[in-house]
Amino acid sequence: MAKGKKLTTRAENYPEWYNELVKKADLAENSEVRGCMVIKPYGYAIWERMQAILDQMFKDTGHVNAYFPLFIPKSFLSREADHVEGFAKECAVVTHHRLMASPDGKGVVVDPSAKLEEELIVRPTSETIIWSTYRNWIQSYRDLPLLINQWANVVRWELRTRMFLRTTEFLWQEGHTAHATSEEAIEEAERMLGVYAEFAENTLAIPVIQGLKTERERFAGALETYCIEGLMQDGKALQAGTSHYLGQNFAKAFDVRFANKDNKEEFVWATSWGVSTRLMGALIMTHSDDEGLVLPPVLAPFQLVIVPIYRQDDEKELVLNKVAELAAELKAAGIRVKLDDDDTKKPGWKFAEWELKGVPIRLAVGPRDLANGKIEVARRDTKTKEVQDLDDTFIERMKKLLDEIQFSIYERAKNFREENTTQVDSWEEFKAQLDKPVPGFIFAHWDGTTETEEKIQAETKATIRCIPIGNPAEEGVCIYSGKPSRQRVMFAKAY
RNA sequence: CGAGGUGUGGCGCAGUCCGGUUAGCGCACCUGCUUUGGGAGCAGGGGGCCGCAGGUUCGAAUCCUGCCACCUCGACCA
């Protein structure tokens, strides 16, 4: 495994730091396929933790999993006008189904006789294929609500990609629900936004702002898009999850109707909601430092790593026996433990390696400790270490320490966000704030028009990330147009 | 899609301007010995059609033409 010793620091070059960290921590690497990454076992283990926890949250809120096709007939996509307009520019299209030996004898070419009658689109999202299916599943109000989620890969042919943050193919989950009333669908969209916010804060330890997108930033085909927004260490916002209230748009496009209790026919009300492997990027950019990844204990594939230290064979046996015993006790207490007994690496190497990989707690045990009944405990988040008594309360203390780390990195991220959240009341102030090294979240008055929104973006690259939920009403004037405004909205530069 | 840049053992690079024995360095890898509490040391060793295709030349990693790929930054987007 090729590895330089040090990461580029965040201060030197933030994007470079990010890329190096993703590769050196063994999370992912660029593949031979343009814009597509290989998620490596360690990175995938983190994603699997996210999946497991989210999946349980979905099930606890009444959802079930299903799976729909990867391919979508081209005609389906165009059924909903806004939807096709939103995705048309970034679709991978399957046109043929057979290859043949090349006439010049070199390799294979597409067999022109195997042209598809109707092209297939590799799904950029599944609303269309799912709603075409729901048509057959829903006849009566008794079939509602229909609460389905799928874990899948999707393809969006982006012009520029970055590992985890924006790749051509990415993994995600997409919930697609059908309801008898508008109220119920809105309630569902808001409920799932709440699930995402809870997951971000409790599992990922990422504080998020919940809000509504402006009309311009809305999902293609949605009446309302809810989102959670996190603030990364470089002062840019990252959209970490979205939940859409789709109204009856897709029901109308795919003719999905149901008989209500009064035996009147109505179109079904819809939501969709999703989070993707982009959460990995959010995780990295919220907590990690110049030494590498910092993982929240709830999510870490290994919560605690034990590094045994010894010189001669007799010491080795003594130490390994003791740490194996300790590892077993920690595991029995429900802690995910890695015992790094790799004999080909030195302790110093292991320390650096596990720091790079963000394991929350590291224990080091050598003959010296054994003789004194001690153990060295190092925290990844604070990079502090202390020698502790290895007594019968030790396991319990480690469990508490994991809780403390989870809480502590959340608090640290929240403090960072609060320190980098500002209110501005003039265009000059606004621009000055955006020119700072860490622009952060900026609350300012906006006249509510798309025109102004676009002009602000054109001049500053900042966008309205959301109109926060529960935003207080406040009379003011738009920082750009000077027109009246009833509330502040949240601006930021975004990923 | 615009602007820059880069393609040389697994990884990171030098060499290219000014063509000339056997293409070099660091890391990684293999063997052995010594080591092991913050990315070990010494000794020995293996691995390259220098992005691809043409061309110029006695001779090309180096010069010329064309192509391809990737990266960074912008515009567009989860």
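Note on naming: letters A, B, ... go to the chains in the order of the sequence lines (proteins, then strands), and numbering restarts at 1 for each one.
Taking atom C1' in both U8(B) and A14(B), the straight-line distance is 10 Å, to the nearest Å. Of the C1' atoms belonging to C27(B) and G41(B), the separation is 16 Å, rounded to the nearest Å. Taking atom C1' on both nucleotides, G19(B) is separated from C64(B) by 13 Å, rounded to a whole Å. Across the C1' atoms, C49(B) and A23(B) are found 13 Å apart, a figure rounded to whole Å. Taking the P atoms as reference points, G46(B) lies 48 Å from G2(B), given to the whole Å. G20(B) and G15(B) have their P atoms separated by 14 Å, with the value rounded to a whole Å.
Applying a 4.0 Å cut-off to non-hydrogen atoms, the residues of residues 365-375 of chain A that approach RNA chain B are G366(A), P367(A), R368(A), D369(A), listed by residue number.
For F430(A) and W446(A), the ring centers are positioned 6.0 Å apart or more. Taking the centre of each ring, W131(A) and H83(A) stay at or above the 6.0 Å mark.
Under the 4.0 Å criterion applied to side-chain N and carboxylate O atoms, D289(A) and R380(A) are assigned as salt-bridge partners.
With hydrogens and angles left out, the side-chain atoms of S272(A) and H176(A) include no donor and acceptor closer than 3.5 Å. Side chains of E201(A) and Y410(A): a donor on one and an acceptor on the other come within 3.5 Å. A donor and an acceptor atom, one from each side chain of T463(A) and R465(A), are located under 3.5 Å apart.
Remark: R362(A) qualifies as a cation-pi partner of F351(A) under the 6.0 Å distance and 45° angle criteria applied to the six-membered ring.
Within 4.0 Å of L165(A), counting heavy atoms only, lies at least one base atom of the nucleic acid. K385(A) comes within contact range of at least one nucleobase, with a heavy-atom separation under 4.0 Å. Nucleic acid contact for F87(A): none, since no nucleic acid atom lies under 4.0 Å from a heavy atom of the residue. T225(A) comes within 4.0 angstrom of nothing in the nucleic acid, heavy atoms only.
A close approach under 4.0 Å does occur between a side-chain nitrogen or oxygen of K346(A) and OP1 or OP2 of G37(B).
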Base versus backbone protein contacts along nucleotides 70-77 of chain B [heavy-atom cut-off under 4.0 Å; B, S, -]: SSSBBBSB
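No donor-acceptor contact under 3.5 Å links the side chain of K383(A) to the base of G38(B).
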